[in-house]
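Each remark here refers to the structure printed beneath this line.
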Protein chains: 2
Amino acid sequence: MEPVPMLLAMTYRAMGDQFHDRLRQIGLEPLRPAHGYVFRFLKEKRATTVDIGQHLGVTKQAAAKIVNELDDWGYVLREPHPTDKRAQYVTLTTKGRDYLKFADNLWADLEGEMAEAIGEDTLATIRRGLAAYLQHVHGEDQPGLRPVW
Amino acid sequence: MEPVPMLLAMTYRAMGDQFHDRLRQIGLEPLRPAHGYVFRFLKEKRATTVDIGQHLGVTKQAAAKIVNELDDWGYVLREPHPTDKRAQYVTLTTKGRDYLKFADNLWADLEGEMAEAIGEDTLATIRRGLAAYLQHVHGEDQPGLRPVW
DNA sequence: AGAATAAGGTCAACCAGGTTGTCTACCTGA
DNA sequence: TCAGGTAGACAACCTGGTTGACCTTATTCT
């Protein structure tokens with residue numbers, strides 16, 4: 001019996017590969033999963049580079065590199081923190097929000113195909129089950145997103 | 001609604017972190033997930049370095065590095081291929097099999113805790129659902145194990 | 001208030017774990 | 001038999017992370 005993590009890794013990769021393939025047909029910048037997760041994070045809340053690093057599960061220096069790329073490509077911009085002169089808020093530009101919308105549609109398509117393959121209810125159970133496990137293990141502060149290889 | 005891949009990545013990491021933590025308390029070599037997956041693969045079938053690379057989803061050169069490490073640590077050894085003079089079979093040593101047994105127990109513990117947290121049946125559904133999806137997407141030839149970040 | 005400590009951001013050096021490219025020895029099919 | 005493909009080793013390189021030092025600003029403690 002295969003360990004669950006193998007299934008998780010394989011499924012993650014399978015979905016990611018499909019996403020990436022379809023994205024490449026559009027011909028956008030070489031966005032990696034990390035970039036997408038940053039968009040999604042920034043949609044929810046105002047965040048600094050340090051926040052982003054923590055969310056991704058990498059150091060602040062690594063997060064800074066990612067933010068720099070997104071900045072260069074025009075997906076985000078930095079604005080001064082209102083009260084803390086050291087800090088900067090990273091915020092989505094219109095281009096960033098557009099990308100996120102596009103990606104969300106693509107994910108929805110992929111999940112739709114998944115639901116069709118394994119059943120709507122099974123997918124829902126997977127979703128709830130994993131979320132519950134994460135809740136159980138980590139409480140409110142979620143683990144990093146980066147899969148450690 | 002969070003995309004499923006985020007849940008997969010987070011769960012994979014959460015489980016992997018726990019596994020790694022407990023493993024470190026024992027004080028073994030710094031084995032990474034890839035090493036474990038190689039053990040498991042070698043238990044099933046005789047395999048060459050190229051086979052291993054394909055299974056992991058990396059190039060044969062990357063696989064060769066991993067095999068070298070395992071060889072240095074005494075977990076595997078290479079023996080000549082019976083018919084193909086170019087090739088070598090990589091096989092588990094006793095130490096390798098012992099590790100695998102130990103790791104399996106540890107995984108079983110972790111999955112037991114997971115089952116306790118989210119329910120036996122939910123875990124079973126997750127397992128079946130993911131396996132079915134992989135089957136649907138890739139047919140018999142499974143995708144690489146390495147999560148692409 | 002002032003000193004010690006912590007935190008955000010940046011720079012630079014380094015490293016791990018991959019990749020691509022090349023070469024040799026061997027295998028296989030027309 | 002010979003053309004093309006494959007296993008494996010070696011080397012150069014790249015990417016995406018880490019560690020460590022530093023400056024500046026915040027916060028906490030006395």
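The sequence lines fix the lettering, A, B, ..., with proteins before strands; numbering per chain opens at 1. Only this structure's heavy atoms are used, side chains among them; waters, hydrogens and symmetry mates stay out.
A straight line from CG of A:Asn68 to P of D:dT15 spans 16 Å, rounded to a whole angstrom. Atom CD of A:Gln54 is separated from atom C1' of C:dG9 by 15 Å (rounded to the nearest Å). Atom NE2 of B:His81 and atom P of D:dG8 are 9 Å apart (whole Å). For the pair A:Asp51 CG and C:dA7 P, the computed distance is 13 Å after rounding to whole Å. Here C:dG8 presents its P atom at 18 Å from CD of A:Glu79, a figure rounded to the nearest Å. As rounded to whole Å, 12 Å separates atom C1' of D:dG16 from atom CG of A:Leu56. Distance A:Leu31 CG to D:dG16 C1': 16 Å, rounded to the nearest Å. Rounded to whole Å, the distance from NZ on B:Lys85 to C1' on D:dT6 is 16 Å.
For A:Trp149 and A:Ala87, each mapped to the nucleotide of DNA chain C holding its nearest heavy atom, the one lying further toward the 5' end belongs to A:Ala87. The residue among B:Asp84 and A:Thr49 whose nearest nucleotide of DNA chain C is located toward the 5' end is A:Thr49. Of the two residues near DNA chain D, B:Gln88 and A:Ala34, the one whose nearest nucleotide lies more 5' is B:Gln88.
Side-chain atoms of B:Thr93 come within 3.5 Å of backbone N or O of B:Gly74 as a donor-acceptor pair.
Within 3.5 Å, a donor on the side chain of A:Lys65 pairs with an acceptor on the base of D:dG17, or the reverse.
Residue B:Thr59 has a polar side-chain atom (N or O) positioned under 4.0 Å from OP1 or OP2 of C:dT19. Regarding contacts with the backbone of C:dC27, every side-chain N or O of B:Thr83 stays at 4.0 angstrom or more from both OP1 and OP2. Here A:Arg32 reaches the OP1 or OP2 of D:dG16: one of its side-chain N or O atoms lies under 4.0 Å away. Neither OP1 nor OP2 of C:dT28 sits under 4.0 Å from any side-chain N or O of B:Arg86. Here A:Arg78 does not reach the OP1 or OP2 of C:dG8: none of its side-chain N or O atoms lies under 4.0 Å away.
Note on B:Gln61: a base of the nucleic acid sits closer than 4.0 angstrom, heavy atoms only.
Summarising the geometry, atom CD belonging to B:Glu111 is positioned 10.0 Å from atom CG belonging to B:Asp109; distances are rounded to the nearest 0.5 Å. Atom-to-atom distance recorded for B:Trp149:CH2 and A:Tyr37:OH is 6.5 Å, nearest 0.5 angstrom.
Side-chain proximity of B:Lys60 to C:dT19, D:dG8, D:dT24: nearest is D:dG8. Listed nucleotides C:dC26, D:dA26, D:dG17 differ in distance to A:Ile66; the shortest reach to its side chain belongs to D:dG17.
B:Glu69 and B:Tyr75 share no donor-acceptor pair across their side chains, judged by distance under 3.5 Å alone.
Considering B:Trp73, B:Tyr99, B:Phe41 as possible partners of B:His35, the one that fulfils the ring pair (Phe, Tyr, Trp, His ring centres under 6.0 Å) test is B:Trp73.
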